[in-house]
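Notes to accompany the following structure.
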Amino acid sequence: MNQPRINQSRRIVTELPGPRSKELDARRQAAVAPGVSSVFPLYIDRAEGAILVDVDGNSLIDLGSGIAVVSVGHADPAVVHAVRDQVARFTHTCFMVSPYEQYVAVCEELNARTPGEHEKRSALFNSGAEAVENAVKIARHATGRDGVIAFDHAYHGRTNLTMALTAKNMPYRNRFGPFAPEVYRVAMSYPYRDPEGMTGEEAAARAIEQMERQVGVENAACVLIEPIQGEGGFIVPAPGFLPAIAAWCRDNGVVFIADEIQTGFCRTGDWFACDDEGVVPDLITTAKAMAGGMPLAAVTGRAELMDGVHVGGLGGTYGGNPVSCVAALASIRTMIDHDLAGAARAIAATVTERFSTMQVDHPGIGDIRGRGAMQAIELVRPGTKEPDPDAAKRIVAACHRSGVVTLSCGSYGNVIRLLPPLVITPELLDEGLVVLADAVASEL
Ligand SMILES: *Cc1c(COP(=O)(O)O)cnc(C)c1O
C-alpha cells in the first residue's frame with residue numbers, strides 16, 4: 001500500500017469541536033435545513049486511510065467510514081488517480097444519450113462478483129434508495145404482481161417507496177406519509193430477541209406463515225431483505241433463515257431481492273453477505289462501498305428478469321456517472337489487490353475479542369454480533385433485555401470527545417456499530433478500541 005501522506009494516528013490539538021468547527025457550525029445553523037443532521041459537528045478538511053483531519057487540525061480515527069462507504073479508505077490512491085483522470089476527460093454525457101465504456105465495465109464487474117454463476121445484467125443509479133426502488137420496479141414488471149414484502153427492523157432508504165419499506169418511524173417516516181401502498185412487513189430472525197433456541201428455519205417458517213396469510217403467493221412480487229440488517233441494529237439472522245426464505249421465493253415465483261447496500265463489497269469478509277451461506281438472490285442492490293465515496297448504486301440480477309423490462313423503462317440523468325464508474329473500478333481493484341475481504345475477517349477477530357473482554361465487566365453489553373468488519377454491541381439494562389439507548393448515546397459522545405468516530409443504530413437506538421475502513425492499520429484499530437473501551441467503562 002502507498003505510504004500515507006496523513007499520519008495514521010489520532011491527535012487532538014484543540015477542544016472538540018474546535019474554534020473553526022464552531023464557526024462553521026454557526027454558519028450552518030443559519031443556512032442548512034436542520035432536518036439534515038450531523039452526528040458530531042467536526043468539519044472535515046482532509047482524510048486519508050482511516051484518519052479524518054478537521055478544520056482545526058485534529059486527527060480523528062474513523063470507525064464509521066461515512067456509513068460503510070469508504071471501505072477502501074479515504075483518498076485511496078487508485079481511486080484518486082482514476083477520478084482525477086476521468087474528470088479531465090469528461091464528467092457527463094448521460095449514458096442514455098451517449099454511452100461510454102466505464103459504465104459497461106462496472107456492470108461486467110458486478111455481474112461477475114455478485115453471488116451466482118447464472119447470466120446477469122446490471123443497471124446503475126445514484127443512491128441506494130434509487131437502486132431499491134428500481135429493484136422493486138423490475139420485480140413487479142417481471143411478475144405482474146404488486147406485493148412487496150419487507151422485514152421488521154429493515155432500512156431501505158428515505159424516498160417514498162423506501163420509507164414505506166423502512167421499519168422505523170423516528171426519524172425516517174414520522175409525518176412524511178402517506179406511503180407507497182402494497183408494502184407488507186414480516187418478522188425478522190433476531191437471535192438475541194427471538195424465543196431462546198429458535199433456529200433460522202423456525203424463524204423463516206414464522207415469516208413465511210405471515211407472508212402467506214397477509215399477502216398470498218399470487219400477490220407477492222418480491223421479498224426484500226438485508227442479509228445482515230444495517231441501520232436496524234446489525235442484526236445477523238440465525239443460520240438457515242436466509243436459505244429458507246430464498247427457497248420459498250424460488251418455489252413460489254417470488255423475486256428474492258438482497259439489499260447489500262451496507263453489507264456488500266468485502267465488508268463482511270466475503271464479497272457479499274449472501275456468500276456466507278451460498279444464498280443466490282434473484283436481484284441484488286449495491287451502493288455505499290462500491291465506488292470509494294463517489295455516489296453510485298446498482299441493481300444486478302438474473303438476465304431473464306432484467307431483460308424483461310421494456311426499452312427505456314430504467315435509467316436516470318446521472319445514473320452510472322463516468323467519474324463514479326471509474327471510482328468503482330478502482331475501488332474493486334483495490335479490494336482485490338489488498339485482499340480487503342481478508343482484512344475484514346482480521347478486523348472481526350480483533351473487534352470481537354475486545355468486545356468479549358468488555359462484556360465480562362459490563363453486563364449492560366447484552367449482545368455482541370456482526371460479521372467481518374461490521375460489528376456491534378447491543379446495550380441493555382443489566383440483567384434484562386430492556387434496551388438502553390441513553391447508554392449508547394453517552395458512549396458514542398464520549399468516543400467523539402476523544403476523537404474516535406463511532407455510530408449508533410438499531411430500532412431501539414441502543415446499538416453501537418463499528419464500520420472501520422478495511423485498510424485501517426492494526427495499531428489504529430487498537431487505539432480506537434481502547435478509546436471505546438474507556439468510554440464503555442466510564443459511561444456504562
Ligand atoms: C444506506 C442504505 C440504503 C439507502 O442508501 P442511500 O444511498 O442512502 O439512498 C438502503 N439500504 C440499505 C441496507 C442501506 O444501508
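The first residue of the sequence shown is numbered 1, and numbering continues consecutively from there. All ligand and atom numbering here is 1-based and tracks the order in the structure.
Ala129 counts as a contact of ligand 1, since one of its heavy atoms falls under 4.0 Å from the ligand. Distances from ligand 1 to the non-hydrogen atoms of Gln229 include no value under 4.0 Å.
Across all their heavy atoms, Ala75 and Ala47 have their closest contact at CB-O, 3.5 Å.
Legend: residues meeting salt bridge (charged side-chain N to carboxylate O under 4.0 Å, His left out) with Arg140, ordered by chain and number and at least two apart, are absent. Residues satisfying the ring-ring contact (aromatic ring centres under 6.0 Å, His included) criterion with His92, sequence neighbours excluded, are Tyr318.
A cation-pi arrangement, defined by a distance under 6.0 Å to the six-membered ring centre and an angle within 45 degrees of its axis, is absent between Arg113 and Phe272.
For atom 7 (O) of ligand 1, the nearest protein heavy atom (residue, atom name, distance) is Gly128 N, 2.7 Å.
When only modelled atom types and interatomic distance are considered, Ser38 and Arg28 share a side-chain donor-acceptor pair under 3.5 Å. A side-chain donor from one of His153 and Ser411 sits under 3.5 Å from a side-chain acceptor of the other.
For atom 5 (O) of ligand 1, the nearest protein heavy atom is under 4.0 Å away.
At under 3.5 Å, not a single nitrogen or oxygen of Ile261, backbone or side chain, sits near a nitrogen or oxygen of ligand 1.
Below 4.0 Å from some heavy atom of Ser127 lie the following atoms of ligand 1, by number and element: 7 (O), 9 (O). Taking a cut-off of under 4.0 Å to the non-hydrogen atoms of Glu226, the atoms of ligand 1 that pass are 13 (C). The ligand atoms of ligand 1 that sit less than 4.0 angstrom from a heavy atom of Asp259 are 10 (C), 11 (N), 12 (C), 13 (C).
Closest heavy-atom approach to atom 1 (C) of ligand 1 among the candidates Lys288, Gln262, His156: Lys288.
Residues Arg206 and Glu202 form no side-chain contact, since every pair of their non-hydrogen atoms from C-beta on lies 4.5 Å or further apart.
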